[in-house]
J.: 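Below is a structure I'd like to ask you about.
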Amino acid sequence: MKTFSLKENEFISQESFQVLIDCLFIIVLKQTRTMMSFEGIQSLASSIKNNGQQNPGIIFAFSRNHAKKYLDNINKLWHRQYKLEDFEIVYIQEKQNDYYLFLVAGHRRLEAVKIAEQKYLANIYFGKTFKEAITAQYEENFHEEIPLYDLVNFASFFWVMSKTEDEKLTLKSFAKSIHKSTSWLSNALKFTSLPLSIQALINESEISKGINYSTMIE
């Protein structure tokens with residue numbers, strides 16, 4: 001018979017902690033996937049009430065300076081105007097420092113937990129970067145439906161950032177890393193080169209079935 005010790009093989013990272021946290025402490029910004037079914041959230045809330053939250057969310061803790069840089073990048077990515085002073089900072093006793101707690105993944109779970117009136121199960125990470133944040137967010141959501149406008153903007157912004165860090169990076173290898181074809185990524189870059197007022201039309205068309213994305217690319 002094989003034996004295995006949980007205690008001897010316990011993995012503890014100094015930069016991550018699994019906690020139950022009050023939802024009021026968590027900062028939620030624009031997410032990669034913004035469409036959520038009300039019925040689905042209600043169903044998940046009911047399941048959490050009965051069985052508990054099975055999968056933890058992901059929170060990145062940033063110091064004041066890093067939080068400002070994080071917000072600057074989020075504003076560029078999603079064309080927002082978030083300001084650091086709009087959010088409350090939290091003192092972490094073990095770190096003896098103040099941090100902003102940004103939700104990176106698990107937005108749907110958080111909304112369900114709020115309905116269930118429970119604390120949120122999450123892994124809080126320290127020392128992470130903006131790139132790691134949006135990568136984690138995308139990897140959690142890429143297998144589900146993401147609004148086209150959001151997905152295209154994410155891919156284009158992420159490509160520019162990654163290309164700046166690695167000049168040898170190719171469209172083909174980057175497209176593969178986000179589970180897309182090279183032609184899809186090429187079209188996304190064409191689309192995001194259009195004025196924002198024109199890009200916004202595709203966002204409206206997803207609801208009103210107006211201008212088609214492929215037509216705008218041409």
J.: Are the side chain of D166 and the backbone N or O of S162 linked by a donor-acceptor pair below 3.5 Å?
T.: no

J.: For A67 versus L84, what's the shortest heavy-atom pair and its separation?
T.: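 Smallest heavy-atom distance, with atoms named: CB-CD1, 3.7 Å.
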
J.: Within this structure, what is the CD-CG distance for the pair Q53 and L110, rounded to the nearest 0.5 Å?
T.: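 Going from CD on Q53 over to CG on L110, the span is 8.5 Å.
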
J.: Does one hydrophobic cluster hold both F102 and I58, with members joined at side-chain heavy-atom distances below 4.5 Å?
T.: yes

J.: Rounded to the nearest 0.5 Å, how far does OG1 of T129 lie from NE2 of H66?
T.: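 So the gap between those two atoms works out to 9.5 Å.
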
J.: If you group Ile, Leu, Val, Met, Phe, Trp and Tyr by side-chain heavy-atom gaps below 4.5 Å, do L44 and I26 land in one group?
T.: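 The answer is yes; both residues are in one hydrophobic cluster.
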
J.: Please determine whether residues I74 and Y99 belong to a single hydrophobic cluster, defined as Ile, Leu, Val, Met, Phe, Trp and Tyr linked transitively by side-chain heavy-atom distances below 4.5 Å.
T.: no

J.: Are more than 12 heavy atoms from other residues, nucleotides or ligands located less than 6.0 Å from atom CD of Q18?
T.: yes

J.: Begin with the C-alpha distance, continue with both residues' side-chain angles, and end with the deciding distance and a verdict on side-chain contact (heavy atoms from CB on, under 4.5 Å) for Y138 and H179.
T.: CA-CA 10 Å; Y138 180 73; H179 316 287; 4.1 Å; yes

J.: Crowded around E10 CD? As in, over 12 foreign heavy atoms under 6.0 Å?
T.: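 Yes, enclosed.
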
J.: Hey, does P56 have a side-chain heavy atom less than 4.5 Å from the side chain of N123?
T.: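 The answer is yes, as the side chains (C-beta and beyond) meet within the 4.5 Å cut-off.
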
J.: Do side-chain atoms of S193 reach the backbone of K190 as a donor and acceptor pair under 3.5 angstrom?
T.: yes

J.: Are the side chains of E132 and F60 in contact, using a 4.5 Å heavy-atom criterion?
T.: yes

J.: Under 3.5 Å, side chain of T192 to main-chain N/O of L189, donor-acceptor pair present?
T.: yes

J.: Do K49 and Q118 have side chains that approach each other closer than 4.5 Å (heavy atoms only, starting at C-beta)?
T.: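 The answer is yes, as the side chains (C-beta and beyond) meet within the 4.5 Å cut-off.
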
J.: Could you tell me whether a side-chain N or O of Q54 sits under 3.5 Å from a main-chain N or O of G52, the two making a donor and an acceptor?
T.: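 Checking the backbone N and O of G52 against the side chain of Q54, a donor-acceptor pair under 3.5 Å is found.
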
J.: Near F4 CZ, under 6.0 Å, is it more than 12 heavy atoms from other residues, nucleotides or ligands?
T.: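 Atom CZ in F4 is crowded, with more than 12 foreign heavy atoms closer than 6.0 Å.
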
J.: L77, L29: one ILVMFWY side-chain cluster at the under-4.5 Å cut-off?
T.: yes

J.: Please answer: with hydrophobic residues joined when any side-chain heavy atoms are less than 4.5 Å apart, are F126 and Y100 in the same cluster?
T.: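 Different clusters.
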
J.: Tell me, do L71 and K83 make a side-chain contact under 4.5 Å, heavy atoms counted?
T.: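 In short, these two side chains do not touch, never coming nearer than 4.5 Å.
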
J.: State whether the number of non-hydrogen atoms from other residues, nucleotides or ligands found under 6.0 Å of K95 atom NZ is greater than 12.
T.: yes

J.: Report yes if the side chains of Y82 and I27 come closer than 4.5 Å at any heavy-atom pair, otherwise no.
T.: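 Y82 does not reach I27 side chain to side chain.
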
J.: Nearest 0.5 Å, please: how far is OG in S181 from CG in N187?
T.: 8.0 Å

J.: Might you confirm whether atom CD of E165 has over 12 heavy atoms from other residues, nucleotides or ligands at distances under 6.0 Å?
T.: yes

J.: Taking atom NZ of K69 as the centre, does the number of heavy atoms from other residues, nucleotides or ligands within less than 6.0 Å exceed 12?
T.: no

J.: Answer yes or no: is there an ion pair linking D72 with K68, defined by an N-O contact shorter than 4.0 Å?
T.: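 Yes, D72 and K68 are salt-bridged.
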
J.: Taking it one step at a time, do K114 and E111 satisfy salt bridge (charged side-chain N to carboxylate O under 4.0 Å, His left out)?
T.: CA-CA 5 Å; K114 288 178 181 177; E111 293 304 310; 3.5 Å; yes

J.: Check this for me: E85, atom CD, are more than 12 non-hydrogen atoms of other residues, nucleotides or ligands nearer than 6.0 Å?
T.: yes

J.: Taking the six-membered ring for Trp, are F174 and F158 closer than 6.0 Å centroid to centroid?
T.: yes

J.: Would you say E15 has more than 12 foreign heavy atoms packed within less than 6.0 Å of its CD?
T.: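 Correct, the count exceeds 12.
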
J.: Mind listing the closest non-hydrogen atom pair of R64 and I89 along with its distance?
T.: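 The answer is NH2-CD1, 3.7 Å.
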
J.: Answer yes or no: is there a side-chain heavy-atom contact under 4.5 Å between L151 and K180?
T.: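 Yes. Closest side-chain heavy atoms under 4.5 Å.
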
J.: Of the non-hydrogen atoms in G106 and Y120, which two are nearest, and what is the gap between them?
T.: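 Between these two residues, the closest heavy atoms are O-OH, 2.7 Å.
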
J.: Which atoms form the tightest heavy-atom contact between V104 and Q137, and what is the distance?
T.: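 Closest pair (atom of V104, atom of Q137, distance): O-NE2, 3.0 Å.
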
J.: Strictly distance-based, threshold 3.5 Å: is any side-chain N or O of T164 a donor or acceptor partner for the main-chain N or O of V160?
T.: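 Side chain of T164 to backbone of V160: a pair is present.
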
J.: From K119 NZ over to D22 CG, what is the distance, rounded to the nearest 0.5 angstrom?
T.: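 Here the interatomic distance stands at 6.5 Å.
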
J.: Evaluate the side-chain proximity of F38 to Q42: yes if any heavy-atom separation is below 4.5 Å, no if none is.
T.: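 Yes, their side chains come closer than 4.5 Å.
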
J.: So, applying side-chain contact (heavy atoms from CB on, under 4.5 Å) with I21, which one of I59, L121, V113 is it?
T.: I59

J.: Over all heavy atoms of both residues, which pair between A188 and S156 is shortest? Give the atoms and the distance, please.
T.: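 Closest approach of A188 to S156: O-OG, 3.3 Å.
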
J.: Output the distance between atom CD1 (I115) and atom CD1 (I48), rounded to the nearest 0.5 Å.
T.: 9.0 Å

J.: Taking all non-hydrogen atoms of both residues into account, name the closest pair between K128 and F62 and its distance.
T.: O-CE2, 3.1 Å

J.: With under 30° as parallel and over 60° as perpendicular, where do the rings of F130 and F157 fit, or are they tilted in between?
T.: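 Correct class here is perpendicular.
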
J.: Answer whether the closest heavy-atom distance between the side chains of K131 and M161 falls below 4.5 Å.
T.: yes

J.: Using the rule given for side-chain contact (heavy atoms from CB on, under 4.5 Å), can you reason through W184 versus V152, listing the C-alpha separation, both sets of side-chain angles and the distance that settles it, and then say yes or no?
T.: CA-CA 9 Å; W184 185 95; V152 165; 4.1 Å; yes

